[in-house]
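Encoded as structure tokens, the structure appears first; notes follow it.
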Amino acid sequence: EIPDMAQNEAANQSQRNTAAKVLWTAMKLELTPKQRECMELCVLRGMSQVEASRLLGVNKATVCRHIQKARRILKKAAGYAGMGNLLPER
């Protein structure tokens, strides 16, 4: 049973690595610079939308809109790669 757990963990790690590559590629190629910047600040660095808006000098609603659009784009890219469940809706 332990070898099965190790195999499952290896398969899961491989899927996570593939998913990360798909998302990084989509972030670089499909998102606008502002969408990418908002995603990096709020999603990857854990900054609040208010903090990001102050840092970027824009309204919080603008940050929110960029993140929403970016999520839709990344979800579509994940779907094309057969990983449509990577980014659950919020």
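Throughout, numbering of the chain's residues begins at 1 and tracks the sequence.
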Quiz item: Would Val43 and Arg71 satisfy side chain to side chain contact (heavy atoms under 4.5 Å, CB included), going step by step from the backbone distance to the final call?
Solution: CA-CA 10 Å; Val43 176; Arg71 281 186 174 275; 4.2 Å; yes

Self-check item: Pair Lys34-Glu37, side chain to side chain contact (heavy atoms under 4.5 Å, CB included): steps then yes or no
Solution: CA-CA 5 Å; Lys34 287 294 184 188; Glu37 192 170 29; 3.8 Å; yes

Quiz item: Between Thr62 and Leu56, does a side chain to side chain contact (heavy atoms under 4.5 Å, CB included) hold up when you go through it step by step?
Solution: CA-CA 10 Å; Thr62 301; Leu56 299 172; over 6 Å; no

Self-check item: Derivation of the side chain to side chain contact (heavy atoms under 4.5 Å, CB included) call for Val63 and Cys42
Solution: CA-CA 9 Å; Val63 172; Cys42 296; 3.9 Å; yes

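With hydrophobic clusters built from ILVMFWY side chains whose heavy atoms lie under 4.5 angstrom apart, Leu44 does not share a cluster with Val50.
Distance NZ/Lys28 to CG/Leu23: 12.0 Å, rounded to 0.5 Å. Here the CE-CD1 distance, from Met39 to Ile67, works out to 7.0 Å after rounding to the nearest 0.5 Å. In this structure, Leu74 CG and Lys69 NZ are separated by 14.0 Å, a value rounded to the nearest 0.5 Å. Leu29 contributes atom CG, which lies 8.5 Å from atom CZ of Arg36 (distance to the nearest 0.5 angstrom). To the nearest 0.5 Å, the span separating OG on Ser53 from NZ on Lys60 amounts to 8.0 Å.
In this structure the side chain of Leu55 reaches within 4.5 angstrom of the side chain of Met47, judged on heavy atoms.
Residues Ala70 and Gln35 share a closest heavy-atom pair of CB-CB, 4.1 Å.
Salt-bridge check for Glu51 with Arg54: failed, with every basic side-chain N at 4.0 Å or more from each acidic carboxylate O.
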